[in-house]
Amino acid sequence: MRWNNSAMRLLLSVSTFCFACLLMIAQSPPSAPQGTTGTATQPTAPSPSAPANPVPAEKPLLILIDAAHGGTDAGALLTPTAVEKDITLNVARRLKQELNTRGIQVQLLRDGDWTLSADQRATTANTGDAALYISVHASSLGSGIRLFTAMLPAGGDNNGPFLDWDTAQAAALERSKAIQAQLVSAIQQTRFPVRALMAPLRPLNNIKSPAIAIEISPTTGDAAQVASTGYQQMICSAVGNALASLAQSLRTNTGSRP
Amino acid sequence: MNSRLFFVLTCCLCVIALAMSFYMWQLRNRAVDNSIPSGTPEVIAAPSNATQKQITLWVAHDDTATLKSQSVSIASSAERQREAEDIFRSLLEIYTAKGSPHPLPAGAALRNVYFVDRGLVVIDVNSNFASGQTSGILAEELTLSSLVQTLSANIQGISQVKFLVDGKEASTLAGHADLSNIYETSQVASFARQLSAP
C-alpha cells in the first residue's frame, strides 16, 4: 500500500514536470529561419531593435483568371462565327502565358468549354489564395479595354468573419479600385484605349479578395478584330505588362492578408 | 270590305314597304361612306387642356459608349405610375426607332411599373426587351443606367429599382448585367456620371 502511494506520487510529479515542459515549449517563440547558405547559425541574443515576430517568407504571387461564360452559356455573339465564350478562353490562356513569362503564377478558373455558375466561380475564388481575381469578357461595343470593379447592390451587413454573399466584395472594393486605377495608368502608357468603370456584374460582388473584370472590344469598330489572334496577343501583352508592374504591390497585399 | 278594296290596300302597303326599304338602304350607304376607313386607325389627340411637362431623358449612345441628356415634353399626369410609364415609353420610342443611338428590337416594351413602399420601384419589361438587347457588360449597363437614371431624375423619392422580365426574376439582362439584386439610384447616378464623360 505504502509502495503504491509512493509510486503514485512519483508518477504525478513526473507528469506535472512533463506538462510544464510542454507548456514552455509551446509558448516559446519559433526559431529564426536558417540562412540560405545552409550553414548552421549560432544562437544569439535578440537585439533590442529586432521585431518581436519574424517577417514571414514572401508568398508567391497568384492571380486567378476566369474566362467568362462557357458550356451552355455562349455569351455574346460577336460575329456569326465568333462567340464570347471562345474568345474569353483564348484571351485567358494568352494572358496566363504572358504573366508566367513575367514570373507571376496564374490559375485558370475555366480551362475548357465548361458551364460554371457565378456562385461556383465565386466559391472557387474565395477558397483559393489568389491575390487578384480577373474576369475576362469580350464585346463588340465600344473601343479598346474596359476595366470594371463591382457595383455593390443593397445587401446585408458583414458581421465579423461572416460575409454577406451579395456584398462580400465590400471589404476589398477600395483595394480593387486602387488596382484598377494603377492598371489603367499603366495601360494608358501604351496608348491603348482604356477606361475604368464599375459594373453590377456577378461574381465580382461575391468575391472577398480584390476583383476586377476586363472587357475587350475592337478599336476599328469591326467585331471580328476581337476574335483575331494578333489583336488578342496585343491586348494580353499590354495587360500583362501592366499587371507585372503591380506585382510588388499585389504581393505585399497577399502577405498582409490574414 | 270587298275583295277589290282589299287588293288595293295590300298593293299600297307593299309599295310603302318597298319605299321604306329603299330609304333605309340609302341611309346605310351614307353611314358607311362617312365611317373611318378600316386599317388606318385614327390617332386620338391628347385632351387640349392636358398640361405638358418637360422631362430629361438619359439616352445611351453606343458609338461613344456614353449617356447623354435629352429634353422632351410629355403630358403631365397626377399619377406617378402613369407618369413613369409615359417617361419609359418616350425613352423606348428613341431606342426602337430607325437609326437609334442604342438599338432595341421593335417588340421591346415596358409591361408595368410598380411603386412599392420606401422608394422602391419595380420595373417589369418584356422578354423582347431582354433578348433583343446587345450582349455585353457595357452595352447592358448603358440600357439599365439609362432607365434608372431617367426615372430617378424625373420622379422624386425613388431610391431603389428592381427589374423583372415578363413578371419574373431574371439573373441577368442579356448575360451580363445582374438583375437578381436591387439597384441603388445613388450608385447608378455616380455610374451615369462616369458614363457621361467619354
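Just so we're on the same page: letters track the sequence lines, and every chain starts at 1.
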Against chain A, label B:S190 side chain, backbone, both or neither, depending on which of its atoms sit under 4.5 Å from a heavy atom there.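 Both the backbone and the side chain of B:S190 come within 4.5 Å of chain A.
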
Select one option (side chain, backbone, both, neither) describing which atoms of B:L142 are under 4.5 Å from chain A's heavy atoms.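 Side chain only.
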
If you apply the rule side chain to side chain contact (heavy atoms under 4.5 Å, CB included), what do you find for A:E84 with B:H176, and how did you get there? CA-CA 12 Å; A:E84 190 182 0; B:H176 296 86; 3.2 Å; yes

Is [X] atom [atom1] crowded by more than 12 heavy atoms from other residues, nucleotides or ligands, each under 6.0 Å away?
X	atom1	answer
B:Q156	CD	no
B:R82	CZ	no
B:Q26	CD	yes

I need the minimum non-hydrogen distance between B:A65 and A:R195, along with the two atoms involved.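 Scanning both residues completely, I find the closest heavy atoms to be O-NH1, 2.9 Å.
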
Which bit of A:L141 comes within less than 4.5 Å of chain B, counting heavy atoms only: side chain, backbone, both or neither?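 For A:L141, the contact with chain B is made by the side chain alone.
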
So what's closer than 4.5 Å to chain B heavy atoms on A:A118: side chain, backbone, both or neither?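 The answer is neither part of A:A118.
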
Rounded to the nearest 0.5 Å, how far apart are [atom1] of [X] and [atom2] of [Y]?
X	Y	atom1	atom2	answer
A:R202	B:T172	CZ	OG1	10.5 Å
B:I137	A:I214	CD1	CD1	10.0 Å
A:L197	B:S145	CG	OG	10.0 Å

Counting distance only, does the side-chain N/O of B:Q187 pair as donor-acceptor with the main-chain N or O of A:M151 below 3.5 Å?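 No; judged by distance alone, with no hydrogens or angles, the pair does not exist.
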
Which residue out of A:S139, A:S143, A:G142, A:A199 racks up the most heavy-atom pairs below 4.5 Å with chain B?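 Between A:S139, A:S143, A:G142, A:A199, the count favours A:A199.
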
